[in-house]
Structure formats: structure tokens, C-alpha cells
Asks: 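This is the structure I have questions about; it appears just below.
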Protein chains: 4
Amino acid sequence: MAPEPRRRLPPEQREKQVLDAAVRVFSRSGFHDTSMDAVAEEAGLSKPMVYTHGGGSKEELLRRCIRREADRLLSSVSGAAAGAPADAEVRLRRGLHAFFTSVTTHRDGWSVLYRQARTGALADEVQAARTRIVDRVAQLLAAELAVPDGVDPTTVTAPLAAALAGAAEGLADWARDADEPDPDVLAGTLMALLWPGLALLRG
Amino acid sequence: MAPEPRRRLPPEQREKQVLDAAVRVFSRSGFHDTSMDAVAEEAGLSKPMVYTHGGGSKEELLRRCIRREADRLLSSVSGAAAGAPADAEVRLRRGLHAFFTSVTTHRDGWSVLYRQARTGALADEVQAARTRIVDRVAQLLAAELAVPDGVDPTTVTAPLAAALAGAAEGLADWARDADEPDPDVLAGTLMALLWPGLALLRG
Amino acid sequence: MAPEPRRRLPPEQREKQVLDAAVRVFSRSGFHDTSMDAVAEEAGLSKPMVYTHGGGSKEELLRRCIRREADRLLSSVSGAAAGAPADAEVRLRRGLHAFFTSVTTHRDGWSVLYRQARTGALADEVQAARTRIVDRVAQLLAAELAVPDGVDPTTVTAPLAAALAGAAEGLADWARDADEPDPDVLAGTLMALLWPGLALLRG
Amino acid sequence: MAPEPRRRLPPEQREKQVLDAAVRVFSRSGFHDTSMDAVAEEAGLSKPMVYTHGGGSKEELLRRCIRREADRLLSSVSGAAAGAPADAEVRLRRGLHAFFTSVTTHRDGWSVLYRQARTGALADEVQAARTRIVDRVAQLLAAELAVPDGVDPTTVTAPLAAALAGAAEGLADWARDADEPDPDVLAGTLMALLWPGLALLRG
DNA sequence: GATGAATGAGTCTTCATTCAT
DNA sequence: TATGAATGAAGACTCATTCAT
């Protein structure tokens with residue numbers, strides 16, 4: 001009798017449908033102010049569907065959102081940095097460019113990663129996602145910086161990477177509220193600020 | 001265990017008692033995962049006391065916490081930067097030193113300011129607090145940077161300030177999780193990264 | 001004990017189930033001394049059901065109770081008065097008879113209408129319900145009374161209707177506490193008291 | 001040091017001060033929507049004073065208000081009816097006149113008596129107050145009506161008294177909302193409606 | 001597989017009431 | 001005596017989660 005209003009979809013597409021909706025709503029209202037009803041409505045699905053394809057709980061749903069968006073951002077940055085061989089400056093600039101591009105393009109994903117509370121139950125997941133990115137930056141730096149023999153490069157690069165990533169985040173956040181979505185300009189600004197210092201640190 | 005269960009206190013002390021407890025609990029669990037019961041228990045008071053001296057609502061309570069911690073941090077940084085006259089490099093270093101000192105000393109205040117969700121009703125307040133700090137940094141930069149005539153210095157300094165503040169936040173966050181609470185080291189690291197670039201930008 | 005704890009019912013039945021329970025509890029304890037928990041328990045439902053089917057708030061729930069009971073009473077009286085054509089005395093007697101029948105049969109509904117506080121947020125609703133009934137009586141009177149030309153009949157009938165309705169309420173209230181539920185007797189008493197005066201006023 | 005701002009008052013005056021304020025506030029907002037703070041503020045006293053001189057609890061405070069206002073109303077009506085000797089009609093008219101005068105003059109007292117919820121804890125007190133008045137009316141009627149020997153006059157007069165009192169209440173309520181505070185008019189209206197019937201019932 | 005309907009558990013907030021001064 | 005300050009207890013309302021269809 002029912003004209004079969006919504007076709008059955010393969011689970012992967014359903015999961016994407018759910019996660020896409022969840023990212024939109026979470027980025028808009030944050031974890032606690034988002035109700036599962038709102039996610040279901042945004043996805044055009046019923047709530048049990050959201051539970052089935054979203055991990056079974058609201059917390060797990062956000063967890064998956066965070067992981068997916070972190071993956072997206074990380075692979076985008078990594079890909080760019082590791083693209084055609086080039087000198088250090090160019091690679092760093094390319095990485096930043098990719099970062100700002102990604103952040104500007106997927107504003108919702110950015111919000112889910114960087115404007116969520118880093119307290120309580122999901123603090124670890126958010127921290128983990130940010131750490132993965134900072135670690136990746138630290139790796140890139142480690143390859144470039146001159147580190148005296150016998151010193152764990154991490155000791156030197158880790159704080160620098162944290163600062164660099166923070167600078168990028170701060171600038172990205174500023175760009176979101178101001179009206180400067182041009183990745184070229186943003187990457188240029190950050191390079192002008194950071195590269196001289198980094199170049200000196202390379203020895 | 002408490003020997004004097006009901007002792008009348010001047011309102012200022014009560015408010016401090018309530019805000020101190022609230023900052024501790026909010027920093028631990030975030031806004032939504034914190035119950036007013038938990039705040040009351042942490043303060044060793046009854047819930048009505050928390051309402052009376054905490055602004056009358058949970059939201060207003062967090063608002064006041066944010067303002068107080070932002071004031072504390074801001075005045076600490078401002079005071080240091082504006083201390084004895086000195087050249088630009090020294091002043092920036094002193095400002096950063098004060099920042100890392102404050103952040104390291106008041107870890108809970110830092111969490112309340114920088115690990116809260118920037119979504120929902122209190123996004124404004126958090127953003128405002130952070131903006132006040134970034135703006136202060138921007139002012140300091142504007143006094144130092146060479147800006148071509150006819151150009152609003154803010155246009156140049158605002159993104160730099162955001163990046164600088166972000167770098168400091170990133171480094172502070174790293175310091176919190178790593179075990180490096182020495183403000184000298186942290187300020188030194190950040191200066192080494194940023195000052196060369198800034199010096200060049202001064203022209 | 002209940003053999004079918006979760007049975008899906010059509011919304012209309014659920015609403016009736018909720019309103020019936022609410023009328024019982026409100027009539028027993030009044031608005032403020034009634035908790036939504038008590039309504040839920042009386043209905044054999046969970047509290048969210050009461051909210052879903054009861055209008056979303058305690059106030060709206062009582063509002064709906066009042067409206068429903070007023071409708072019931074009003075239609076019962078109107079129907080009787082407007083039944084088969086008859087002279088004025090018979091029609092008034094029939095209206096009173098219907099009133100006392102309804103009031104005696106639905107004691108809870110009567111309490112909700114006539115023993116609620118007429119103060120605060122719901123005063124309007126209670127007054128409105130009573131006014132609808134008094135106005136209906138006034139209409140009946142206006143059709144019978146001789147009113148000098150050029151005089152708004154309401155001026156004459158309104159106070160009489162108020163007095164008449166008040167007399168009926170007072171008698172109904174007495175009948176509720178005494179043990180006289182016979183509508184014939186009650187209507188007869190009231191007719192004996194009022195009709196001679198009304199007949200004279202008809203001119 | 002304190003200039004002794006409020007003189008110590010004899011307890012009776014304090015009680016009057018408290019009850020006066022309470023009647024005003026209760027009549028305005030009803031029992032449940034009135035806070036003891038509001039009563040204290042209206043009385044210009046501190047809350048413990050209200051408790052000391054108001055009976056020790058909110059419920060007892062309203063109880064006393066009800067009793068006092070009922071006394072006032074009852075003695076006013078009784079006094080008038082029992083004044084100079086006169087025939088039945090005149091005495092009833094005088095009683096009604098006194099009733100409407102009292103009700104018009106002390107609107108707050110009227111509200112406390114007649115617009116409070118007659119449900120829950122204070123139902124008995126309100127009912128008792130109204131019953132005292134109705135009983136007084138019944139007594140007056142019993143002296144006038146012809147009751148067959150061997151019949152308890154109450155059987156006959158009680159319902160009539162209830163109806164009569166109800167009519168008066170209904171008219172008083174109408175007069176409060178309409179703009180007719182003239183006791184002469186109100187008593188006249190009610191006499192025109194009721195006296196013919198009563199006269200017939202006298203046999 | 002998909003959903004409308006139902007609920008258990010938990011939170012904010014308010015007030016009548018009472019000490020300690 | 002008179003009070004500012006403090007609290008215990010209770011109630012409205014919401015939402016993540018899961019059956020029964």
C-alpha cells in the first residue's frame with residue numbers, strides 16, 4: 001500500500017547521509033545543544049535510522065564525525081605537502097595552502113573539529129584528532145630542522161609544531177569571522193610570520 | 001567534618017567562593033556536563049547559595065567565570081607588557097612570559113577560557129573574551145609594525161595578532177599536556193619562532 | 001500488573017485518557033497542588049506522554065480541561081433549552097434541569113470549572129468559561145424579558161443572568177455537599193425561587 | 001548607631017499590619033502565586049516578622065485572612081439585617097445592601113473569600129467561611145418562611161439560602177467586573193428577582 | 001528494514017522555613 | 001526584638017534511547 005517512499009540504500013550511503021547531517025547540525029549547535037531529533041530531521045530519516053547507521057549513540061556519532069573530518073583535513077594537508085618534491089619553504093606553504101583551502105571549503109567540518117568543547121567525555125577524541133594533525137606537522141618540521149645529534153628531534157619539533165598549528169588555527173578562525181577566505185593570502189601571511197624564524201632554526 | 005556549617009560571610013567572599021568552585025568544575029567537565037549540584041558540592045554550599053551569589057542561572061554563572069578569568073589573564077599580560085619601558089622585542093617577550101605564567105598557574109581558568117565549546121548561547125561570551133586578548137596583542141603589534149600611510153593598521157595587524165595568539169594558545173596547550181611549565185622556556189620558544197618574522201615585517 | 005504495558009493508541013484516545021485523568025486530579029487538588037507526576041500516575045502513563053498529549057505544559061493542560069468541561073456543560077444546557085419548542089418557563093426549567101444533571105453527573109468537571117482559583121495566569125480561562133455559560137443564560141432571558149425600546153437588553157439581562165447563574169452554582173454547590181442529587185428537585189427549588197420574579201420582570 | 005528606624009509596635013498592631021498586607025497580596029495573586037517575600041515587602045517588614053505575627057506558616061496566614069474577612073462581612077450583614085425592627089422584605093433588602101456595600105468597599109477581602117481555590121488544603125476553611133454566611137442567611141429566611149409543622153426548617157431553607165447567597169455572589173462578581181458599585185442598584189435588582197418567589201414561599 | 005510511540009532518568013530552578021547575629 | 005543569610009525539599013520539563021508494529 002505504501003508506495004515505498006524511500007528506497008533502501010546501501011549501508012555506506014546511509015552512513016554518509018547520517019554523518020553529513022550530523023556534521024551540519026553539530027557544527028551549528030554543538031554537541032549538547034543538538035538533539036537526535038534534529039539530526040534525524042536534517043538527514044530526512046527517522047531516529048532509529050540515525051541510531052542504526054550512526055554508531056548507536058549520540059556520543060559515538062560525534063566521535064565518527066570528528067574522525068571523518070580529521071581524516072579529511074589530514075589527508076588533504078598531507079597530500080599537498082607530500083606532492084611534487086620541492087624545497088622546505090614551498091612544501092610548508094603548500095601544506096598551509098591546503099589547510100586553509102580545506103578549512104574554508106568545509107566550514108562545518110572545521111567547526112566540529114575546533115569549536116567543540118574539549119572537556120568531558122569527548123575531550124580525548126577531539127584532542128586525539130588535533131594531535132594527529134600537530135604530529136604530522138611535527139614530522140614535516142623534523143625533516144627540515146637541524147637537530148643536534150643525540151637529541152630526540154621531537155623535543156625540539158613538538159612545541160614548534162604545536163605553535164605552528166595553533167597559529168594556523170588562530171588565523172583560520174579569524175578568517176572565518178572576517179571575510180578573507182583566500183587561501184593564498186592566508187598562507188602568505190602565515191609564511192611571512194613564521195618562515196624567517198623557522199629558517200633560522202634550521203641552522 | 002566542617003566545624004562551622006553555617007557561617008555568615010560577606011557577599012564578596014561568597015561570590016569568590018562560588019566562582020572559584022565553578023571554575024574548577026566547569027574546567028573539569030564543561031558547561032553542559034556540569035550540574036549545579038556539582039558546583040554547590042564543590043563550593044561546600046547549598047544550591048540556593050550558588051544561585052544567589054552566582055548570578056541566578058547556570059549560564060550567567062559561566063559567563064561570570066569567563067569574564068573573571070579573562071580579566072585576570074588580560075590584566076596580567078597587559079601589566080607585564082606595559083611595565084618598564086623597553087624595546088619591542090623585550091616587551092613582547094615579557095607579554096608572552098606573563099601569558100604563560102598566568103596560564104600555567106591558573107590551569108582551570110585557562111580551560112574555562114579555551115576549552116569551552118564555542119557554540120550555543122555562550123559562544124559570544126567566549127569569543128568576546130578571546131577577542132579582547134587578541135585585540136590587546138594587535139594593539140601592541142600595531143605600535144611596532146611599519147604600516148604604509150593611509151592603510152588601517154588593523155588590516156595588517158589583526159590577522160597577525162590572531163596567528164600570534166593562536167600560536168601562544170597552541171603552545172600553552174601543548175605545555176599543559178607535556179610537562180613544560182617553565183614560562184621562560186615557552187616564551188623563548190615562541191620568540192624564536194615568531195620574532196624574526198615580526199622583525200622583518202617591521203621593515 | 002498491567003498486562004499490556006506499552007500499547008499504541010490513537011492520539012484521540014490518548015488525549016482523552018490524559019484529560020480524564022487530569023480533570024480528576026485537578027478537581028481533587030487544584031492547579032498548584034497537582035503535580036504532573038500525579039497526573040501521569042492517575043492516567044497510568046509516563047510523564048512525557050502527559051506532555052505530548054496534554055498540550056506541552058501544565059498550564060495548557062488545565063486550560064484544555066477547562067475548555068472541555070465548559071463545552072460539555074454548555075452544550076448540555078443549550079441542547080436542553082433549545083429542545084422542543086415550549087414556553088419560557090418550561091425552557092428555563094429544562095435548562096436548569098440539564099445543568100443540575102450535568103453537574104451532578106460530572107462532579108469533577110464541576111470542580112475544575114467552579115472551584116479553581118480565579119487568580120493568576122488561568123483566571124482568564126476560568127472566567128471565560130463561566131462567562132460563556134452566563135452569556136448563554138442571558139440570551140435565554142433576553143428572549144423572554146420585556147425590555148423597553150431603545151435600551152440595550154444586555155443592560156437589563158446581564159446582571160440578572162449573573163445572579164441566576166450564581167444561584168444555580170450556589171445550589172449546585174450545596175447539593176454536592178448535601179445529599180441531594182435529584183435534578184428535578186433542584187430545578188424545582190430554583191424555579192420556585194426565581195420564576196415569580198422573572199415573570200414579573202417580563203411585564 | 002542605627003536610628004531605630006521602626007518603632008516597636010504592640011503585637012496587635014503588628015498582626016493587623018501583617019494581615020492587611022497579606023490580604024492585599026493574596027487577593028492580587030492568589031495563594032500559590034504569592035510568596036512570603038511578597039507579603040513581607042508589602043508589609044514593610046522582614047520575613048521572620050511575617051512568620052512571627054502571621055501564624056507561623058503561609059497556610060495559617062491565609063487561614064487568618066479568610067477568617068477575618070469573613071467576620072467582617074458577616075458582622076456587617078448581620079448588623080444591618082438585625083438593626084431596627086422592620087418587616088421581612090426591608091430586612092432582607094437591608095442585608096443585601098450591607099453585603100454589596102461591604103463587598104464593594106473591601107474588594108480585596110472579597111477576592112480572598114471568593115476567588116481562592118476551593119480545593120486542596122484550604123478548601124475547608126474557605127467552605128467554612130462561606131457556610132457561615134449562608135447559614136446566617138438561612139436563619140433569616142427560617143424566621144420568615146412558613147414551614148409546615150414537624151418539618152425541619154433547615155430542610156427547606158438551606159437550599160434556598162444557598163441559592164440566594166449564590167445569586168448575591170454572582171451579582172457581586174458581575175458588579176466587580178462591570179462598573180456598577182452602587183449597592184442600592186444591586187440590592188434592588190436582586191430583590192426584584194428574588195422577593196416575589198420568596199413571598200410566595202412564605203405562604 | 002524502517003518507524004511512530006513510549007519512557008526512565010536527570011537537571012535547572014524556586015520557596016517556605018529557620019538559624020545565628 | 002528583628003533580621004540577613006542559608007537551606008531542604010520538591011516540581012516542571014527535556015531527551016537519549018528502545019519497543020511493537
Side-chain angles (χ1 to χ4, degrees), chain A residues 2 4-9 11 14 31-40 45-54 56-61, chain B residues 4-11 14 32-40 44-54 56-61, chain C residues 4-11 14 32-40 44-54 56-61, chain D residues 2 4-9 11 14 31-40 45-54 56-61:
Chain A
E4 188 132 7
R6 275 192 285 280
R7 291 295 206 113
R8 252 208 267 153
L9 252 54
R14 278 277 188 246
F31 179 66
H32 276 286
D33 289 338
T34 293
S35 70
M36 291 301 259
D37 282 282
V39 176
L45 293 175
S46 71
K47 235 187 318 180
M49 281 287 90
V50 173
Y51 275 86
T52 303
H53 297 279
S57 79
K58 190 180 168 188
E59 195 173 312
E60 175 64 19
L61 179 58
Chain B
E4 291 154 311
R6 278 193 189 181
R7 167 98 136 268
R8 286 169 59 169
L9 249 55
R14 279 279 187 243
H32 276 287
D33 287 338
T34 292
S35 72
M36 291 301 259
D37 281 281
V39 175
L45 292 173
S46 68
K47 235 187 313 181
M49 282 291 91
V50 175
Y51 276 89
T52 302
H53 297 278
S57 76
K58 191 180 167 185
E59 194 173 314
E60 176 64 20
L61 179 58
Chain C
E4 290 153 311
R6 278 193 188 181
R7 167 97 135 271
R8 286 169 61 168
L9 250 54
R14 278 282 186 238
H32 276 287
D33 288 337
T34 293
S35 71
M36 292 300 261
D37 282 282
V39 176
L45 292 174
S46 67
K47 230 185 319 177
M49 283 289 91
V50 175
Y51 276 88
T52 302
H53 296 278
S57 76
K58 191 181 168 185
E59 195 174 313
E60 176 65 17
L61 179 59
Chain D
E4 187 130 9
R6 277 190 283 279
R7 292 292 208 114
R8 252 208 265 154
L9 253 54
R14 278 276 187 247
F31 179 66
H32 275 286
D33 289 338
T34 293
S35 70
M36 292 300 261
D37 281 281
V39 176
L45 293 173
S46 71
K47 233 183 322 177
M49 282 286 91
V50 173
Y51 275 86
T52 303
H53 298 279
S57 79
K58 189 181 169 187
E59 194 173 313
E60 177 63 18
L61 179 57

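Every chain is numbered from 1 and lettered A, B, ... according to where its sequence line falls, protein lines coming before strand lines. Source: prediction; values computed, not measured.
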Asks: Can you tell me the pairing partner of dT21(F) across any strand shown, Watson-Crick or G-U wobble, with both distances under 3.5 angstrom?
Replies: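 dA2(E) - that is the nucleotide pairing with dT21(F), both distances being under 3.5 Å.
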Asks: What verdict does the side chain to side chain contact (heavy atoms under 4.5 Å, CB included) test give for H32(D) and D33(C), after you've listed the backbone C-alpha separation in whole Å, the side-chain angles of each residue and the deciding distance to 0.1 Å?
Replies: CA-CA 9 Å; H32(D) 275 286; D33(C) 288 337; 3.0 Å; yes
Asks: Starting at the 5' end of DNA chain E and moving along, which residue's nearest nucleotide shows up first, T52(C) or E59(B)?
Replies: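 By nearest-heavy-atom nucleotide position, the 5'-most residue is T52(C).
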Asks: Mapping P48(D) and T34(C) onto DNA chain F by nearest heavy atom, which one lands closer to the 5' end?
Replies: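 By nearest-heavy-atom nucleotide position, the 5'-most residue is P48(D).
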Asks: In the structure shown, which nucleotide is the Watson-Crick or G-U wobble counterpart of dA9(F), with both distances under 3.5 Å?
Replies: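 WC or wobble partner is dT14(E).
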Asks: Is there a donor-acceptor contact under 3.5 Å from the side chain of K58(C) to the main chain of T34(C)?
Replies: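 Checked: pair present.
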Asks: Rounded to whole Å, how long is the line connecting atom NE2 of H32(D) with atom P of dT14(E)?
Replies: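 Atom-to-atom, H32(D) to dT14(E), this comes out as 18 Å.
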Asks: Measure CE/M49(C) against P/dC19(F) and give the value in whole Å, please.
Replies: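 M49(C) atom CE is separated from dC19(F) atom P by 16 Å.
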Asks: Side chain of S35(D) only, heavy atoms from C-beta on: which candidate in dA12(F), dA16(E), dT14(F) is closest?
Replies: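 Selected nucleotide (nearest to the side chain): dA16(E).
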Asks: Any side-chain N or O of R14(B) below 4.0 angstrom from OP1/OP2 of dA6(F)?
Replies: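 Checking R14(B) against dA6(F): at least one side-chain N or O falls below 4.0 Å of OP1 or OP2.
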Asks: Measure from NZ on K47(D) to P on dT7(F) and round the result to the nearest Å.
Replies: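 Interatomic distance, NZ of K47(D) to P of dT7(F): 14 Å.
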Asks: Test side chain to side chain contact (heavy atoms under 4.5 Å, CB included) on K47(C) and V39(C); report intermediate values, then the result.
Replies: CA-CA 8 Å; K47(C) 230 185 319 177; V39(C) 176; over 6 Å; no
Asks: Using a 4.0 Å heavy-atom cut-off, does M36(C) contact any base of the nucleic acid, only the sugar-phosphate backbone, or nothing at all?
Replies: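 Sugar-phosphate, no base atom in range.
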Asks: OP1, OP2 of dA6(F) versus side-chain N and O of H53(B): anything below 4.0 Å?
Replies: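 Yes, within the criterion.
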Asks: For the residue pair M36(A) and V50(A), what are the closest heavy atoms and their distance?
Replies: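 Heavy-atom minimum between the residues: CE-CG1, 3.9 Å.
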Asks: Expressed in angstrom and rounded to an integer, what is the separation of L61(D) atom CG from dC15(E) atom C1'?
Replies: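 So the two atoms are 15 Å apart, to the nearest Å.
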Asks: Between atom CD in E60(D) and atom P in dA16(E), what is the gap in whole Å?
Replies: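 Distance, rounded to whole Å: 16 Å.
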Asks: From CG of D37(A) over to P of dG4(E), roughly how many Å is that when rounded to an integer?
Replies: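 It works out to 11 Å between those atoms.
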Asks: Does some side-chain heavy atom of R14(B) sit less than 4.5 Å from a side-chain heavy atom of L45(B)?
Replies: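 Heavy-atom side-chain distance check passes, below 4.5 Å.
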Asks: Let's see if you can work this out: which of dT17(E), dG4(F), dT7(F) has an atom nearest to the side-chain heavy atoms of S46(B)?
Replies: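 Closest nucleotide among those given: dT7(F).
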Asks: Report the distance from atom OH of Y51(D) to atom C1' of dT1(F), rounded to the nearest whole Å.
Replies: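 Distance, rounded to whole Å: 19 Å.
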Asks: Which whole-number value in Å describes the distance from K58(D) NZ to dC15(E) P?
Replies: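 So the NZ-P distance, K58(D) to dC15(E), works out to 9 Å.
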